[in-house]
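The structure appears below as structure tokens.
The chain is numbered in sequence order, starting from 1.
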Amino acid sequence: MVLNRVFLVVDEVAELTTPLTEAEATALGLSAKEADALVADITRSLLSLVQRCRAFGIHVILCGQRFGSDQGKGVTSIRAQMAGRICHAVNEVTTAVMALGDGLDGSVHARAVRISKDERGLALVTDGSEWSYARSSWIGDAETRAAVNAFADKATPLDEVATADQAAYDRARGGAS
């Protein structure tokens, strides 16, 4: 039997784990305490999801412009689950440390800052202790549209996702679904 690889991709992880501003909380009808609890719950749920995916052999890809320990202990715990890390060009060494982890020689992090615009797609890749360069491919708009169109029939309509999410949220809060 052939098993397909299964991937979970979460983009903009920081948006899920960053505390809400007072204005954002108010717009959602939440108090500051409720907003903090919501973000903490999302972070715990993401950690649990990542741990379960790893246990079941599901590949997890977390993406973000920033994903550092300044976002709390939960984020640090999630990052600890991620052995393989990729860092494209960055502006600061601290950003490279955030992406690649702090277990590497400092000169490795500095290399991510030195990646030039002429080296588009060049990245540093690490498994936690060893590192190497890798290159990702640039896919233009036309290729992206072709891929989206080729798999459009596999997508779940957004209204179905929203309805299912709302029902799950209602059940979790003890309300009607």
Side-chain angles (χ1 to χ4, degrees), residues 5-30 32 34-54 56 58-102 109 112-113 115 117 120-128 134-141 143-145 147-149 151-152 154-166 168-169 172:
R5 290 185 180 180
V6 178
F7 292 86
L8 169 67
V9 180
V10 181
D11 195 7
E12 296 301 344
V13 175
E15 296 302 320
L16 295 171
T17 59
T18 300
L20 299 175
T21 65
E22 184 177 337
E24 291 168 331
T26 301
L28 292 171
L30 300 172
E34 290 170 325
D36 289 345
L38 175 64
V39 171
D41 186 47
I42 290 169
T43 303
R44 274 191 307 277
S45 296
L46 183 58
L47 173 60
S48 176
L49 180 62
V50 168
Q51 290 170 329
R52 290 171 191 211
C53 285
R54 288 193 65 191
F56 287 107
I58 297 171
H59 301 274
V60 179
I61 300 171
L62 301 179
C63 309
Q65 300 300 313
R66 58 189 175 79
F67 191 45
S69 58
D70 60 319
Q71 293 171 282
K73 291 186 294 186
V75 169
T76 301
S77 297
I78 294 168
R79 288 176 57 217
Q81 295 293 315
M82 309 305 293
R85 298 177 182 200
I86 302 170
C87 179
H88 285 272
V90 295
N91 294 323
E92 301 172 349
V93 170
T94 54
T95 304
V97 172
M98 186 186 322
L100 297 170
D102 56 10
H109 301 111
V113 177
I115 295 172
K117 290 181 181 177
R120 179 183 235 169
L122 186 64
L124 290 137
V125 179
T126 181
D127 65 1
R135 183 166 297 281
S136 58
S137 298
W138 172 255
I139 298 175
D141 291 343
E143 291 173 276
T144 301
R145 282 190 198 92
V148 168
N149 291 332
F151 296 99
K154 308 269 190 262
T156 303
L158 188 55
D159 60 335
E160 288 180 30
V161 173
T163 300
D165 286 353
Q166 184 63 52
Y169 177 77

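- At distances below 3.5 Å, at least one donor-acceptor pair connects side-chain atoms of Glu24 with backbone N or O atoms of Thr21.
- Side-chain N or O atoms of Arg54 include none that pairs as donor or acceptor with a backbone N or O of Val60 at under 3.5 Å.
- Contact annotation: the side chain of Val50 approaches that of Met82 to within less than 4.5 Å [non-hydrogen atoms, C-beta and beyond].
- At least one donor-acceptor pair closer than 3.5 Å links the side chain of His109 to the backbone N or O of Gly101.
- The shortest non-hydrogen separation linking Ile115 to Ala123 is CD1-CA, 4.3 Å.
- With Val97 as the partner, the side-chain contact (heavy atoms from CB on, under 4.5 Å) test is satisfied by one option alone out of Val93, Thr94, Leu100: Val93.
- Within a 6.0 Å sphere centred on CG of Leu28, heavy atoms belonging to other residues, nucleotides or ligands number more than 12.
- Ile78 CD1 to Leu46 CG: the interatomic distance, rounded to the nearest 0.5 Å, is 4.0 Å.
- In this structure, CG on Leu16 lies 9.5 Å from CG on Leu62, to the nearest 0.5 angstrom.
- Inter-residue side-chain proximity for Arg44 and Asp41 is flagged as met; some heavy-atom pair is nearer than 4.5 Å.
- More than 12 heavy atoms of other residues, nucleotides or ligands lie within 6.0 Å of CZ in Phe7, so this atom counts as buried by the packing criterion.
- Of all heavy-atom pairs between Thr43 and Val75, the closest is CG2-N, 3.9 Å.
- Across every non-hydrogen atom of Arg85 and Arg79, the tightest pair is NH2-O, 2.7 Å.
- Between Gly64 and Asp11, the closest heavy-atom pair is N-OD1, 4.5 Å.
- Under a cut-off of 6.0 angstrom, the local environment of CG in Asn91 is sparse, with at most 12 non-hydrogen atoms contributed by other residues, nucleotides or ligands.
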side-chain contact (heavy atoms from CB on, under 4.5 Å) between Gln81 and Leu47, intermediate numbers included: CA-CA 8 Å; Gln81 295 293 315; Leu47 173 60; 4.0 Å; yes
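- No more than 12 heavy atoms of other residues, nucleotides or ligands shown are found within 6.0 angstrom of CZ on Arg52.
- Shown here for Ala96 and Cys87, the closest heavy-atom pair between the two residues is CA-SG, 4.0 Å.
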Asp141 and Arg145: CA distance, side-chain angles, deciding distance, side-chain contact (heavy atoms from CB on, under 4.5 Å) verdict: CA-CA 6 Å; Asp141 291 343; Arg145 282 190 198 92; 3.4 Å; yes
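- Here Leu30 contributes atom CG and Glu22 contributes atom CD; the two are 12.5 Å apart, rounded to the nearest 0.5 Å.
- Contact detail for Thr18 and Val39: the closest heavy-atom pair is O-CG2, 3.8 Å.
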